[in-house]
*Asks:* 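Take this structure first; my questions come after.
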Amino acid sequence: MTGFAPFSADGHDVHWRTWDGAHVEHLTLRWENEAWTAIGRVGRERVEYVLRIGPTWRVRQLLLFRDLDEPDLWLATDGRNRWGEMNGAHRPELDGCVDIDLPCSPFPTTVPIRRLPLASGEAADVPVVTVDVETLAVEPATRRYERLDVRRWRITDAHTGDAVEFDVDEHGVALDQPGRFRREA
């Protein structure tokens, strides 16, 4: 049990500002059609993403919009960690990945944080699909999620060793991520 408060079915809104204060992300989370839909509008990168997340906090789809009405990138999983594109093309290099990592946004960390049944002091390695929103490059990677305390987490890139520590709110959503994002009231 993760111990996080449930989200209201009416939805949840969150705002972050980049650490330098120049740009804002607005996130809206809504319960629709038996799943969560997270829509993030990221000012600095000028992108919008949509994550469809199942009721057990498993990623189902990622749509990324940059400058078109149609998604520039649309990835989906079949529920068995096999990934493909909107056109049906299988992406075998992503098979086995469970979550999405969008370095331009703090929200995608919420998905494994809410799903993983970690107690304080425990950790889990999570295979993720990393997305470069500028080039649309996607590749598999591993992130180590460590629950340091009830609301304190550390995420480490298994390849580079880069880590970020941050606190989450009662719902498991990131507050400030030092050097990256500040949560706004």
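Starting from 1, each residue takes its place in the sequence as its number.
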*Asks:* Return the CZ to CZ distance between Phe181 and Phe166, rounded to the nearest 0.5 Å.
*Replies:*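 If I round to the nearest 0.5 Å, the distance is 10.5 Å.
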*Asks:* Would a distance-only check, ignoring hydrogens and angles, find a side-chain to backbone donor-acceptor pair under 3.5 Å from Thr142 to Asp125?
*Replies:*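 No, because the side chain of Thr142 does not come within donor-acceptor range (under 3.5 Å) of the backbone of Asp125.
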*Asks:* In terms of ring plane angle, is the pair Phe7 and Trp57 parallel, tilted or perpendicular, where the classes change at 30° and 60°?
*Replies:*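 Tilted.
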*Asks:* Quick one: does any side-chain atom of Asp149 pair with a main-chain N or O of Arg152 as donor and acceptor, under 3.5 Å?
*Replies:*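 Pair absent, no side-chain N/O of Asp149 close to backbone of Arg152.
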*Asks:* Measuring from atom OG1 of Thr110 to atom CG of Leu29, what distance do you get when rounded to the nearest 0.5 angstrom?
*Replies:*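 These two atoms lie 8.5 Å from each other.
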*Asks:* Short question: side chain of Trp16, backbone of Ala174 - any donor-acceptor pair under 3.5 Å?
*Replies:*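 Answer holds: yes.
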*Asks:* If you count every heavy atom of other residues, nucleotides or ligands that lies below 6.0 Å from Glu34 atom CD, does the total exceed 12?
*Replies:*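 No, not enclosed.
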*Asks:* Give a yes or no answer on whether the side chain of Arg154 reaches the backbone of Glu146 with a donor-acceptor pair at less than 3.5 Å.
*Replies:*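 Judged by distance alone, no pair lies under 3.5 Å.
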*Asks:* Taking side-chain contact (heavy atoms from CB on, under 4.5 Å) as the criterion, tell me which of Asp132, Thr130, Leu75, Leu62 meets it with Val138.
*Replies:*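 So, applying the side-chain contact (heavy atoms from CB on, under 4.5 Å) to Val138 and each of Asp132, Thr130, Leu75, Leu62, only Leu75 qualifies.
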*Asks:* When you check the gap from the basic side-chain N to the acidic O, do Glu93 and Arg91 get nearer than 4.0 Å?
*Replies:*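 Answer for the salt bridge query: yes.
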*Asks:* Going by an N to O cut-off under 4.0 Å, is there a salt bridge joining Arg183 and Asp169?
*Replies:*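 Salt bridge: yes.
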*Asks:* Arg180 side chain to Pro103 main-chain N or O, any donor-acceptor pair under 3.5 Å?
*Replies:*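 At least one qualifying donor-acceptor pair exists.
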*Asks:* Going by the side-chain contact (heavy atoms from CB on, under 4.5 Å) test, name the single residue among Thr37, Val111, Ile100, Asp99 that passes it with Ile53.
*Replies:*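 Answer to the side-chain contact (heavy atoms from CB on, under 4.5 Å) test with Ile53 among Thr37, Val111, Ile100, Asp99: Val111.
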*Asks:* Looking at CG of Asp167 and CH2 of Trp153, how far apart are the two atoms once the value is rounded to the nearest 0.5 Å?
*Replies:*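 Here the rounded value is 12.0 Å.
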*Asks:* Quick check: closest heavy atoms across Phe65 and Asp72, and the distance to 0.1 Å?
*Replies:*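 Shortest heavy-atom contact: C-OD2, 3.5 Å.
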*Asks:* Looking at Glu134, is its backbone amide N or carbonyl O close enough to the side chain of Arg66 to form a donor-acceptor pair, meaning the two atoms are under 3.5 Å apart?
*Replies:*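 Confirmed, Arg66 side chain pairs with Glu134 backbone.
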*Asks:* Judged by atom type as modelled, is there a donor-acceptor pair below 3.5 Å linking the side chain of His171 to the main-chain atoms of Ala5?
*Replies:*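 The answer is yes, because a donor-acceptor pair under 3.5 Å joins these two groups.
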*Asks:* Should Val173 and Val126 be counted in the same cluster of Ile, Leu, Val, Met, Phe, Trp and Tyr side chains packed under 4.5 Å apart?
*Replies:*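 Not linked; separate clusters.
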*Asks:* State whether the number of non-hydrogen atoms from other residues, nucleotides or ligands found under 6.0 Å of Asp69 atom CG is greater than 12.
*Replies:*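 Check fails, neighbour count at 12 or below.
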*Asks:* Between the side chain of Thr77 and the main-chain N/O of Arg60, is any donor-acceptor distance below 3.5 Å?
*Replies:*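 Looks like no, no N/O pair under 3.5 Å.
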*Asks:* Donor-acceptor pair, Asp95 side chain versus Trp83 backbone, under 3.5 Å?
*Replies:*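 It does hold such a pair.
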*Asks:* Where is the tightest heavy-atom contact between Leu118 and Arg147, given as atom of each residue plus distance?
*Replies:*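 Looking at all heavy atoms of both residues, the shortest contact is O-NH1, 2.8 Å.
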*Asks:* Is Arg30 paired with Asp13 through a side-chain N to carboxylate O contact shorter than 4.0 Å?
*Replies:*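 Salt bridge present between Asp13 and Arg30.
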*Asks:* Does Arg44 use its side chain to pair, donor to acceptor, with the backbone of His23 at less than 3.5 Å?
*Replies:*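 Flag not set: sc Arg44 to bb His23 has no pair under 3.5 Å.
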*Asks:* Locate the shortest heavy-atom distance separating Pro71 from Leu63; write the atom from each residue and the value.
*Replies:*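 For Pro71 versus Leu63, the nearest heavy atoms are CG-CD2, 3.8 Å.
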*Asks:* Do you know the tightest heavy-atom contact between Cys104 and Val42?
*Replies:*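 The answer is O-CG1, 3.7 Å.
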